[in-house]
Structures are given as structure tokens and as C-alpha cells.
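Everything below concerns the one structure shown next.
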Amino acid sequence: VKNQNARIQRKTLWYSRDKDQSRIDIDIPDPENVILGGIHYQCGKSKYHYNPETNQFDNAPSEINKRLKKDKNMQKAINNGLKYLGYENN
């Protein structure tokens with residue numbers, strides 16, 4: 001049963017300076033773990049969750065994952081988010 005009062009706390013880790021206004025956010029888990037934490041890439045209404053096992057955004061267009069591999073600032077944002085979520089080997 002979901003806690004109806006649970007709120008997602010979100011923090012933007014990275015944002016694009018391009019016109020697409022895309023960003024990478026971290027969803028911070030609540031203290032009661034009702035809402036699990038995670039990282040996602042959002043552009044408009046499209047949202048793609050980051051998979052730390054594959055180091056990619058699941059189901060994202062290939063351009064987004066290619067951009068992640070090339071963009072050091074995106075990689076740094078992901079690594080910071082993973083550390084915050086408790087991942088040790090990132």
C-alpha cells in the first residue's frame with residue numbers, strides 16, 4: 001500500500017543549455033523508503049530512467065545514450081547521483 005502522503009523529493013543534477021531544455025534529475029528516496037530513489041533524464045514529457053548496470057538510460061533514443069558517453073558533465077552528474085543513492089562502484 002502506497003503512503004498517500006509520501007512526496008518525491010527531486011533535485012536537478014544537470015541541465016542542457018540547448019533549446020531542448022533536457023535535464024538529469026535524482027529522485028531522492030523518502031526516509032520510510034515508500035518511494036525508491038533513482039536517476040532519470042527528462043526532456044519535455046519524456047522521461048528515461050538510468051540503469052546503473054548498463055550505464056544507460058533505459059528505452060531512451062540512441063542519441064541520448066551517445067550524448068551521455070561523450071558529455072563529461074552528464075557523466076559527473078550521474079556519478080554524483082549514484083553516490084547520493086548509495087552506489088559504491090560507479
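Only a predicted model underlies this, so the values are computations on that prediction, with no experimental measurement involved.
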Checklist entry - Between Asp18 and Arg67, is the closest basic N to carboxylate O distance under 4.0 Å? => result yes
Next on the checklist: Check for me, please, whether Tyr87 and Ile28 land in the same ILVMFWY cluster - side-chain distances under 4.5 Å, paths through other members count.
Outcome noted: yes
Checklist outcome for this item: Heavy atoms of Ile26 and Gly81 approach each other most closely as CD1-O, 3.5 Å
Next on the checklist: Surrounding CG of Asn51 (heavy atoms of other residues, nucleotides or ligands, distance under 6.0 Å), is the total greater than 12?
Outcome noted: yes
Checklist entry - Quick one: does Gln21's side chain have a donor or acceptor within less than 3.5 Å of a partner on Ser16's backbone? => result no
Checklist entry - With side chains defined as the heavy atoms from C-beta onward, is the minimum distance between Cys43 and Tyr48 less than 4.5 Å? => result no
Next on the checklist: As a quick check of understanding, evaluate side chain to side chain donor-acceptor pair (under 3.5 Å) for Tyr41 and Ser22, giving each step before the final call.
Outcome noted: CA-CA 7 Å; Tyr41 178 96; Ser22 58; 3.0 Å; yes
Item to check | Worked check of side chain to side chain contact (heavy atoms under 4.5 Å, CB included) between Thr12 and Ile24 | outcome: CA-CA 6 Å; Thr12 298; Ile24 296 174; over 6 Å; no
Next on the checklist: Taking the side chain as everything from C-beta on, heavy atoms only, tell me whether Lys69 gets closer than 4.5 Å to Gln56.
Outcome noted: yes
Checklist entry - Do Leu13 and Ile78 come close enough that some side-chain heavy atom pair is under 4.5 Å? => result no
Next on the checklist: Could you check whether any side-chain heavy atom of Arg10 comes within less than 4.5 Å of a side-chain heavy atom of His40, counting everything from C-beta outward?
Outcome noted: yes
Next on the checklist: Is the shortest side-chain heavy-atom distance between Asn80 and Trp14 below 4.5 Å?
Outcome noted: no
Item to check | Enclosure of Lys76 NZ (heavy-atom neighbours >12, cutoff 6.0 Å) | outcome: no
Checklist entry - Checking side chain to side chain donor-acceptor pair (under 3.5 Å) for the pair Tyr50/Asn55: CA distance, chi angles, key distance, verdict? => result CA-CA 7 Å; Tyr50 182 75; Asn55 295 316; 2.9 Å; yes
Checklist entry - NZ of Lys11 to CG of Asp27: how many Å apart, nearest 0.5 Å? => result 13.5 Å
Item to check | Steps toward side chain to side chain contact (heavy atoms under 4.5 Å, CB included) verdict (Lys70, Gln75) | outcome: CA-CA 8 Å; Lys70 292 181 182 178; Gln75 293 170 15; 6.0 Å; no
Item to check | Nearest-0.5 Å distance that lies between atom CZ in Arg23 and atom CD in Gln42 | outcome: 4.0 Å
Next on the checklist: To the closest 0.5 Å, what do you measure between OH (Tyr15) and CG (Asn73)?
Outcome noted: 10.5 Å
Checklist outcome for this item: In this structure, CG of Asp58 is separated from NZ of Lys47 (nearest 0.5 Å) by 14.0 Å
